[in-house]
Colleague: 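This is the structure I want to talk about, given as structure tokens.
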Protein chains: 2
Amino acid sequence: MITYKTPVDEYNFLFHDFLKISQQNIKSFSELNKDFTTEIFEMAGKLASDVLLPLNRIGDIEGCRLENDTVITPKGFTNAFKKLREDGWTSVDCEKEFGGQGLPTSISILLGEIFSSCNISLTIYQALTHGAYGAILKYGTETQKNLYLPKLVSCEWTGTMNLTEPHCGTDLSLIRTKAEKITNDIFSISGQKIFISAGEHDLTENIIHLVLAKIPGGPKGVKGLSLFIVPKFIPNSDGSLKERNNVKVGSLEKKMGIHANATCVMNYDSATGYLLGEEHKGLQAMFTMMNEARLGVGIQSIALSEIAYQNSVIYAKERIQGKSFSNEGQLSVESKPIINHPDVRRNLLDQKSFIEGGRALSIWVASLLDKSNHLMDDRAYGLASLLTPVIKGYLSDIGFEMTVVSQQIFGGHGYIEEWGMSQFVRDSRIAMIYEGTNGIQAIDLVGRKLNSDGGKNIIYLNELVQNFLTEHSELEELNNDFLVPLKESKKNVEEVLNFFMSNGLKNPNSALAGASDFLHLLGNFCIGFMWAKMAAILFKENEIINENTFQEGKILTGQYYMKNILPKTNYLAKKILSGDKIIMSLNSEQF
Amino acid sequence: MITYKTPVDEYNFLFHDFLKISQQNIKSFSELNKDFTTEIFEMAGKLASDVLLPLNRIGDIEGCRLENDTVITPKGFTNAFKKLREDGWTSVDCEKEFGGQGLPTSISILLGEIFSSCNISLTIYQALTHGAYGAILKYGTETQKNLYLPKLVSCEWTGTMNLTEPHCGTDLSLIRTKAEKITNDIFSISGQKIFISAGEHDLTENIIHLVLAKIPGGPKGVKGLSLFIVPKFIPNSDGSLKERNNVKVGSLEKKMGIHANATCVMNYDSATGYLLGEEHKGLQAMFTMMNEARLGVGIQSIALSEIAYQNSVIYAKERIQGKSFSNEGQLSVESKPIINHPDVRRNLLDQKSFIEGGRALSIWVASLLDKSNHLMDDRAYGLASLLTPVIKGYLSDIGFEMTVVSQQIFGGHGYIEEWGMSQFVRDSRIAMIYEGTNGIQAIDLVGRKLNSDGGKNIIYLNELVQNFLTEHSELEELNNDFLVPLKESKKNVEEVLNFFMSNGLKNPNSALAGASDFLHLLGNFCIGFMWAKMAAILFKENEIINENTFQEGKILTGQYYMKNILPKTNYLAKKILSGDKIIMSLNSEQF
């Protein structure tokens, strides 16, 4: 039976010791003390394990079904969603003006992790709503904000993102959905969208679709895209509902995982749409949503790795199999729990060091967004935008791998659906694909984010690392185990950046050929940086750590990461430096 | 729609140019010319794509079901299996004396690949039968051989392996199934076995279970295990069937993949069993079966990677998405098929270079077994036994990864079951688990195979590589691209072997902590060796290659492997050399 325990100590460490949230000069954050966050994390954890988790496997088995143009979610989902929103968990970091609680993004990120661990399919309905909230908050008119935001904050209505069409996912220049102008801001939307998560369901009374479409006569390609609010039911200005709009679910996809989240083909047949933001500037508005969603996908990957890890640890402690050696080289007489075997321990440390490091990176980037939102810190925003594809791509690639590692610890039982580990693997697989495949994240990183504003964001990151190295050069405990490997890895980053600079301009393929490897290199490097930062805190301020066991375990885990995982940057740099020559030499028949 | 095309050119290259099968001094192989093998591969391929492939997705959707103690396989499976055996495909490399065709193992390996590509679930029924054939051939009495082998060769009866019990998989010392002696070689078997592939089904009239059990009073642990033949129906000496034996399927597992292969809980309730081999020497006999099965698992992984790769290539050539750069750095005006994108090409080359190299390794090891069987070549046998865990573990780990890469190329469509790519991922996942998890393969490699007979097998491998390097040192085309990287990687192997030698004896955990990484290191190295051998042939004997396109594509693929994949051995060596200290330092609560 799958169980879940919120890693409250870990969260508090990140929140209070690592981020030092209450000292961040953000006014409303100064009251966030440890008692408060502990209570929040524990309450969320209780709801997640008591209400969401028991539905997770039911959702996997039952899936969603389509009946008379309506999607029926699995048994128990409507009640659970109601509970989630009535208890206020959907509004945590939203603006108070629209019914939110104004808490930091870095808190809502961790709450998202808790809920995703226990039931990712259910959590996605909320996550997309939050994305729609963000887009309307930024680009909506006052009327739109007043009408939609309170309902989205409370999740009385949910939201969706409609980009993909049968012939185009990545390449939005190919979009065919049309928006014919009726009045100034009312349009008639027609076309077909596919892979629309939460496109139709029975959790709420209304669904707000944000739809990318082309207004005839506009510029070609992505510059001709506009964004529209297309509600399932047209609302009156007081939020009550009028007639049903001409948008309908066409069919439901049968997927490898996240069965309880409805993935819909959506047909728009002269549906009423309201322009959101300016004409032909839809892509920019949609990207507000996308960037938030991409950060969320990284956290989903951590979430599934976390619950899979927790259960593999329990299994490893219980499953007795094979004799093991003591540290003195003595073979045990009886068979032992498999957690005694070095190979199993290595598997567990691969998971643990990734999860804790990846979570630190996510919450750090979330705190950059907090700084950007509350303090108008542009450098923080720039750095967050540089690291968004890294968080999405790297955490989902490795997160998936880690669920596979957890499953592997269960041996044959891992392959049997009843045990629940297969579901984590199948569910986490989507994270590498949706919100832009990881290949696209890599191209976004290398082709766009690295160079934007003269490369100032990667320069800023390097500065932060360099400053950290300089500031801590006297801390002996840190040097060999953390600073030296970080410096080594930093060289790999620089080597690749030089390669990109001297080759990428005249031959973009030479950089693009290494894009995915660079995304991994930078992700690995950033997590190494996080581990070094965490270790510095643990060594310097050990008075703040109450439990020695926790501190010691964390330092060992960090040492493991720096010695075993971080050095992979060297291999990745070598691959990237091999360039595109061979890759581009094969003709199409040679594949 | 998933399609399949037998890679006949590739097979013929491996068989005639790489192995030079007809010059191997094995009498019956001298007639195996290219016309003959081409015909065999094409005929098998036709059966596989026409009959097996159309059932693959049906099998995934329908799965097996249990009705009145009988397992019903999906629609069409009984007919397809009948066709497979009636056309003689189950008997290819079996002894002529028992109805086989006496062809090389290296041919049957490739046929196994073809059938597994198109329908792995169906092929497993045959593969296990072949394993039972091998065990009875080696350990059976004349009477047993004459009774069982012809039926197993023709697959009129199928076979199973019964090792795992609910509380023990890896650790067979914990087996509880009992065998009470009735007469000298007749025993009464009682106990429960789980995860028994093909334990019950409706494909054949009889099923021959090979069951590990303990004879009361025997030695403790694995030395007290004996192996028994337990037929579903007791046969008369002429092969006709008597009464049903007391062995019954208890339930069917619902699994992540290979849905059409019945994974059974088997209950033995005073079932009649016939001793196979000597009392208390059952493990050795079972390992005959296991070793063959492990080689087979490696090939299954290649098979699923191959068909997944083929379909991802087709998709990459058809799917138009995104503008791409020419080799001169010009951006295309229109969107292009994604095979033009460097990142997609890298993904395809990861797959292609692994599949072709891994296949070469498998067929090379199969040819070592042929040499051992026909020429009593002990060194060949020893090397094959060293490389068996590598083939099982490395090819299934990377094979799984490669199906994930193929799936990724399909973007969102890869996650939709209808497209068929998810099934390859789910099906190939089992290969990392069954026939001994890959962690166990690693321990077998490092804890047993490396050291057996004074390490002579790894020494022999090193000699072969060294001889190859020396012999080809004058071949300029080979040097930079193949010999140099191979030498670099060889250093990593030696470095690790030295580390194991100087630390492993006094502290076994220091070697065991690096076992999985060493399995990957050696697998990667061996495939690098195969690529260098193939390249040497392609450069030296290019008159034998008819199609330049084929030759050039292959050399480029090899160059890609040597430059991009092989250097990972350096990273793996670094990990292994970090030892077990951190890994063993965490106490159980710190996970």
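Residue numbering restarts at 1 for every chain, and letters A, B, ... go by the order of the sequence lines.
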Colleague: Could you measure the distance from the CD atom of Glu552(B) to the CD atom of Glu589(A)? Nearest 0.5 Å is fine.
Modeller: 11.5 Å
Colleague: If every non-hydrogen atom of Ile583(A) is compared with every non-hydrogen atom of Arg345(B), which pair is closest and at what distance?
Modeller: O-NH1, 2.7 Å
Colleague: Heavy-atom distances under 4.5 Å only: say whether Ser173(B) touches chain A with side chain, backbone, both or neither.
Modeller: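 Just the side chain, heavy atoms under 4.5 Å.
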Colleague: Taking side chain as everything from C-beta outward and backbone as N, CA, C, O, which of these in Leu556(B) sits under 4.5 Å from a heavy atom of chain A? Side chain, backbone, both or neither.
Modeller: both
Colleague: Between Pro508(B), Gly439(B), Ser578(B), Ser422(B), which shows the greatest number of heavy-atom pairs under 4.5 Å with chain A?
Modeller: Pro508(B)
Colleague: In terms of heavy-atom proximity below 4.5 Å to chain B, should Ser510(A) be classed as side chain, backbone, both, or neither?
Modeller: neither
Colleague: Between Val425(B) and chain A, with a heavy-atom cut-off of 4.5 Å, which part of the residue counts as in contact: side chain, backbone, both or neither?
Modeller: side chain
Colleague: Which region of Gln310(A), side chain (C-beta onward) or backbone (N, CA, C, O), has a non-hydrogen atom less than 4.5 Å from a non-hydrogen atom of chain B, or is it both or neither?
Modeller: neither
Colleague: With only heavy atoms counted, which part of Asn570(B) is less than 4.5 Å from chain A, the side chain, the backbone, both or neither?
Modeller: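 Contact with chain A involves the side chain of Asn570(B) alone.
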Colleague: Tyr309(B) versus chain A, heavy atoms under 4.5 Å apart: side chain, backbone, both or neither?
Modeller: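 For Tyr309(B), the contact with chain A is made by the side chain alone.
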Colleague: Using a 4.5 Å cut-off on heavy atoms from C-beta on, say whether the side chain of Val404(A) contacts that of Phe400(B).
Modeller: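 Phe400(B) vs Val404(A): side chains touch.
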Colleague: Which region of Leu172(B), side chain (C-beta onward) or backbone (N, CA, C, O), has a non-hydrogen atom less than 4.5 Å from a non-hydrogen atom of chain A, or is it both or neither?
Modeller: neither
Colleague: Using a cut-off of under 4.5 Å for heavy-atom pairs, which of Val313(B), Leu512(B), Asp517(B), Asn509(B) has the most such pairs with chain A?
Modeller: Asn509(B)
Colleague: Side-chain contact, heavy-atom cut-off 4.5 Å: Ile416(A) with Phe195(B)?
Modeller: yes
Colleague: Would you say Lys352(A)'s side chain and Phe591(B)'s backbone share a donor-acceptor pair under 3.5 angstrom?
Modeller: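 Checking the backbone N and O of Phe591(B) against the side chain of Lys352(A), no donor-acceptor pair under 3.5 Å is found.
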Colleague: At a 4.5 Å cut-off on heavy atoms, which part of Phe325(B) comes close to chain A: side chain, backbone, both, or neither?
Modeller: both
Colleague: Locate the shortest heavy-atom distance separating Asp171(A) from Gly322(B); write the atom from each residue and the value.
Modeller: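 Closest heavy-atom pair between Asp171(A) and Gly322(B): OD2-N, 2.6 Å.
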Colleague: Which of the residues Ile565(A), Ile576(A), Asn347(A) is involved in the greatest number of heavy-atom pairs with chain B at under 4.5 angstrom?
Modeller: Ile565(A)
Colleague: Of the backbone (N, CA, C, O) and the side chain (C-beta and beyond), which part of Lys568(B) lies under 4.5 Å from a heavy atom of chain A, both, or neither?
Modeller: both
Colleague: Among Leu349(A), Leu572(A), Ile339(A), Ile430(A), which residue has the highest count of heavy-atom pairs closer than 4.5 Å to chain B?
Modeller: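 Going by pairs under 4.5 Å, I would pick Ile430(A).
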Colleague: Where on Leu174(B) is there a heavy atom nearer than 4.5 Å to chain A: the side chain, the backbone, both, or neither?
Modeller: side chain
Colleague: Most heavy-atom pairs under 4.5 angstrom with chain B, which of Asn327(A), Leu505(A), Thr557(A)?
Modeller: Asn327(A)
Colleague: How far apart are the closest heavy atoms of Lys574(A) and Pro567(B), and which atoms are they?
Modeller: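 Scanning both residues completely, I find the closest heavy atoms to be CD-CB, 4.1 Å.
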Colleague: Assess the residue pair Ile258(B) and Tyr415(A) against the criterion (side-chain contact (heavy atoms from CB on, under 4.5 Å)); give the C-alpha distance rounded to whole Å, side-chain angles, the decisive distance to 0.1 Å, and a yes or no.
Modeller: CA-CA 10 Å; Ile258(B) 54 166; Tyr415(A) 202 63; 3.8 Å; yes
Colleague: Under 4.5 Å heavy-atom distance to chain A, tell me which part of Asn438(B) shows up: side chain, backbone, both or neither.
Modeller: both
Colleague: When only pairs under 4.5 Å are counted, which of Lys323(B), Lys254(B), Gln408(B) shares the most heavy-atom pairs with chain A?
Modeller: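 Most pairs with chain A among the choices: Gln408(B).
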Colleague: Between Arg429(B), Lys506(B), Lys317(B), Arg319(B), which has the largest tally of heavy atom pairs under 4.5 Å with chain A?
Modeller: Arg429(B)
Colleague: What distance separates Ser588(B) OG from Leu348(A) CG, expressed to the nearest 0.5 Å?
Modeller: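 So the gap between those two atoms works out to 10.0 Å.
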Colleague: Indicate the atoms forming the closest heavy-atom contact of Gly411(A) with Thr437(B), along with that distance.
Modeller: CA-CG2, 4.0 Å
Colleague: For chain B, which candidate among Asn587(A), Thr170(A), Asn507(A) shows the most heavy-atom pairs at distances under 4.5 Å?
Modeller: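 The residue among Asn587(A), Thr170(A), Asn507(A) with the greatest pair count is Thr170(A).
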Colleague: Can you tell me how far CE of Met432(A) sits from CD of Gln407(B), rounded to the nearest 0.5 angstrom?
Modeller: 8.0 Å
Colleague: Most heavy-atom pairs under 4.5 angstrom with chain B, which of Glu417(A), Gln321(A), Lys575(A)?
Modeller: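 Max contact count across the listed options: Gln321(A).
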Colleague: What is the minimum heavy-atom distance between Arg346(A) and Ala513(B), and which atoms define it?
Modeller: NE-O, 2.7 Å
Colleague: Under a 4.5 Å heavy-atom cutoff, which of Asp343(A), Ile582(A), Asn564(A) has the most pairs with chain B?
Modeller: Asn564(A)
Colleague: Tell me, side chain or backbone of Lys255(B) under 4.5 Å from chain A's heavy atoms, or both, or neither?
Modeller: both
Colleague: Give, as side chain, backbone, both or neither, the part of His413(A) having an atom under 4.5 angstrom from any heavy atom of chain B.
Modeller: both
Colleague: Which bit of Arg426(B) comes within less than 4.5 Å of chain A, counting heavy atoms only: side chain, backbone, both or neither?
Modeller: both
Colleague: If I measure from the heavy atoms of chain A, does Gln330(B) come under 4.5 Å with its side chain, its backbone, both, or neither?
Modeller: neither
Colleague: Could you report the tightest heavy-atom contact between Thr549(A) and Gln590(B), atom names first, then the distance?
Modeller: O-NE2, 3.1 Å
